[in-house]
Amino acid sequence: MQDFNQIIGHKRIIKHLQNAIRLKKVSHAYILHGEEGMGKKTLALSFAKTLQCTEEGLNSCNKCKSCIQADSRNHPDILWINNEKSSIGVDEIRTRINADIMVKPYQSRYKIYIIEEADKMTENAQNALLKTIEEPPEYAIIILLCCNINTLLPTILSRCVILDLKPVNKELIKELLMLKYQIPDYKAEIAANFSGGNVGKAIKYASSEDFEKKKEDIFHILRYLDDMELHEIISGIKTISENKETVFEYIDIMLLWFRDVLILKASNDPNLMLFKDEYQIIKKQANTRSYDQIENIIKSMDEAKAKLTANVNLDITIELMLLHIKENYNG
């Protein structure tokens, strides 16, 4: 069961959608844009449920036939378009939306199409959808969910209301993990910080034994950085990271470690640390490094993430990052 009241964060978007319902100014096309795990599907479902709810309020009642059908993904007038293939082709858009949209709703006021991973649509598929978005039936609403808005045609973007999902407050995520998922305080705090404000990621990390193993693997290297040669560090990182996605996760863990180093150096207060169990090692690193050295280390990791996002060679990027880190360790 899902509704607006159960969503963590995204208050600005919820307010916009509820105002549109209240003022009877619901658009015929929306784009919910944000990275995987940010809550696009949850927002889309809550919006669709509220629009179709027989109570006609600003939130779904969760009791009527329409709400029950929506929660089970069996609502005849809330249609989910998803495709496990690498792209969504023109035939799928023509068949599942364009040919279907002229059929009036079966039981509700609206006919709502939710296109998951809309950024997978080919250019031809987008052009086919554009014709429908330009002249939709009065009862039709199309909601596009996408992680990369740059893949959508300017003509599509100009005809949709674009709602960008922002990172959720980490304290709210921590509270959710502790109350709803019974995650211990320490583990919830690490997952919330590591998630970057992404609720889906936080839930995954908090409940993942694999994440705990990754943390311990990288901690083993971070604890002994002073005593390791550069080639040993590079070899260690390459051994534990199989691909670019996991490298991102390891870099994020390293960033949190060195932010602890910086926080401890600035405040000398272990209560402000995330990795409190590593206090003695982090304190030693804080005491033997200058502010500039620590900030240079953090900067080198941020730059490495930017390069990897831009598809710069993985091995070269990681080796340069580790070289900068080691240089600032040798001071």
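FYI, the numbering just counts along the sequence from 1.
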Distance col, row I253:CD1 vs L222:CG, nearest 0.5 angstrom, shows 9.0 Å

Should side-chain heavy atoms under 4.5 Å link Ile, Leu, Val, Met, Phe, Trp and Tyr, which residues sit in the same cluster as L172? I8, V168, I173, L176, L177, Y181, I183, V199, I203

Show, in sequence, the C-alpha distance, side-chain angles and deciding distance for D77 and Q52, and conclude whether the side-chain hydrogen bond (donor to acceptor under 3.5 Å, both in side chains) test is met. CA-CA 8 Å; D77 298 320; Q52 306 289 46; 5.0 Å; no

Quick one: side chain to side chain contact (heavy atoms under 4.5 Å, CB included) partners of Q182, sequence neighbours excluded? none

Atom CG of N313 and atom CG of D315: how far apart are they, to the nearest 0.5 Å? 5.5 Å

Assess the residue pair E117 and K120 against the criterion (salt bridge (charged side-chain N to carboxylate O under 4.0 Å, His left out)); give the C-alpha distance rounded to whole Å, side-chain angles, the decisive distance to 0.1 Å, and a yes or no. CA-CA 6 Å; E117 297 182 290; K120 285 167 58 172; 3.4 Å; yes

For the pair S27 (side chain) and Y30 (backbone), establish whether a donor and an acceptor sit closer than 3.5 Å, ignoring hydrogens and angles. no

Distance-only polar pair, side chains of D292 and S290, donor-acceptor under 3.5 Å: no

Quiz question: by atom type and distance under 3.5 Å, do the side chains of Q69 and Q107 form a donor-acceptor pair? yes

Donor-acceptor pair between Q285 and W257 side chains, under 3.5 angstrom: yes

Looking only at atom types and distance, does a side-chain atom of H10 sit under 3.5 Å from a main-chain N or O of M38, one as donor and one as acceptor? yes

Measure the acute angle between the ring planes of F275 and F219, then classify it against the limits of 30° and 60° as parallel, tilted or perpendicular. perpendicular

Shortest non-hydrogen contact between Q18 and L58, atoms and distance: NE2-O, 2.7 Å

S46 side-chain N/O to L43 backbone N/O, donor-acceptor pair under 3.5 Å: no

d(N98 CG, K131 NZ) to nearest 0.5 Å is 8.5 Å

For K111 and V103, indicate whether the former's side chain and the latter's backbone hold a donor-acceptor pair under 3.5 Å. yes

Identify the heavy atoms of G57 and T50 that sit nearest to each other, and give their distance. O-CG2, 3.5 Å

Partners of Y224 by ring-ring contact (aromatic ring centres under 6.0 Å, His included), sequence neighbours excluded? H220

With a 6.0 Å cut-off (strictly less than), is the heavy-atom count around CD of E36, excluding the residue itself, greater than 12? no

With distance as the sole criterion, is a donor-acceptor pair present between the side chains of Y279 and D260 under 3.5 Å? no

Is the CD atom of Q6 crowded by more than 12 outside heavy atoms at less than 6.0 Å? yes

Looking only at non-hydrogen atoms, find the nearest pair between C61 and C67 and report the distance. N-SG, 3.8 Å

Is K265 reaching over with its side chain to a backbone N or O of R289, donor-acceptor style, under 3.5 angstrom? yes

Can you run down the ring-ring contact (aromatic ring centres under 6.0 Å, His included) pairs that involve residues 57-87, sequence neighbours left out, and say none if there aren't any? none

Value for OH (Y205) from CG (N198), rounded to nearest 0.5 Å, stands at 7.5 Å

Under 4.0 Å between a side-chain nitrogen and a carboxylate oxygen: does that hold for D100 and R96? no

Consider only side-chain N and O atoms of S60 and D3, and report whether a donor and an acceptor are under 3.5 Å apart. no

Drop me the distance from L51's CG to S108's OG, to the nearest 0.5 angstrom. 10.0 Å

Quick check: are there more than 12 heavy atoms from other residues, nucleotides or ligands sitting under 6.0 Å from CD of E232? yes

My understanding is that a hydrophobic cluster links ILVMFWY residues whose side chain heavy atoms are under 4.5 Å apart, including indirect links. Using that, what else belongs to the cluster containing I68? none

Could you go step by step and tell me if E216 and R223 meet the salt bridge (charged side-chain N to carboxylate O under 4.0 Å, His left out) rule? CA-CA 10 Å; E216 284 308 310; R223 290 181 191 119; 3.3 Å; yes

Sequence neighbours left out, cut at 3.5 Å: what donor-acceptor pairs do the side chains of residues 140-157 make with other protein atoms?
from : atom 1 : to   : atom 2 : distance (Å)
N148 : OD1    : N150 : N      : 3.1
T151 : OG1    : D119 : O      : 3.4
T151 : OG1    : N148 : O      : 2.9

Hydrophobic clusters join Ile, Leu, Val, Met, Phe, Trp and Tyr when side-chain heavy atoms are under 4.5 Å apart, directly or via other members; which others share one with L320? I316

Residues sharing L179's hydrophobic cluster, by side-chain heavy-atom contacts under 4.5 Å among ILVMFWY, directly or via others? none

Pairs meeting criterion ring-ring contact (aromatic ring centres under 6.0 Å, His included) with involvement of residues 123-147, two or more places apart: none

Residues 297-306 side chain polar contacts: donor-acceptor under 3.5 Å, at least two apart:
from : atom 1 : to   : atom 2 : distance (Å)
S300 : OG     : I297 : O      : 2.6
K305 : NZ     : D252 : OD1    : 2.6

Around atom NZ of K284, are there more than 12 heavy atoms from other residues, nucleotides or ligands closer than 6.0 Å? no

Please check this pair: side chain of K276 against backbone of M273, looking for a donor-acceptor N/O pair closer than 3.5 Å. yes

Can you tell me how far the CD1 atom of I112 sits from the CG atom of L79, to the nearest 0.5 Å? 9.0 Å

N124 side chain to V90 main-chain N or O, any donor-acceptor pair under 3.5 Å? no

Taking salt bridge (charged side-chain N to carboxylate O under 4.0 Å, His left out) as the cut-off, I'd like each qualifying pair that reaches into residues 39-58, sequence neighbours left out, listed once. K41-E116, K49-D71

Got a sec, which pairs hit salt bridge (charged side-chain N to carboxylate O under 4.0 Å, His left out) with one end in residues 136-145, sequence neighbours left out? none

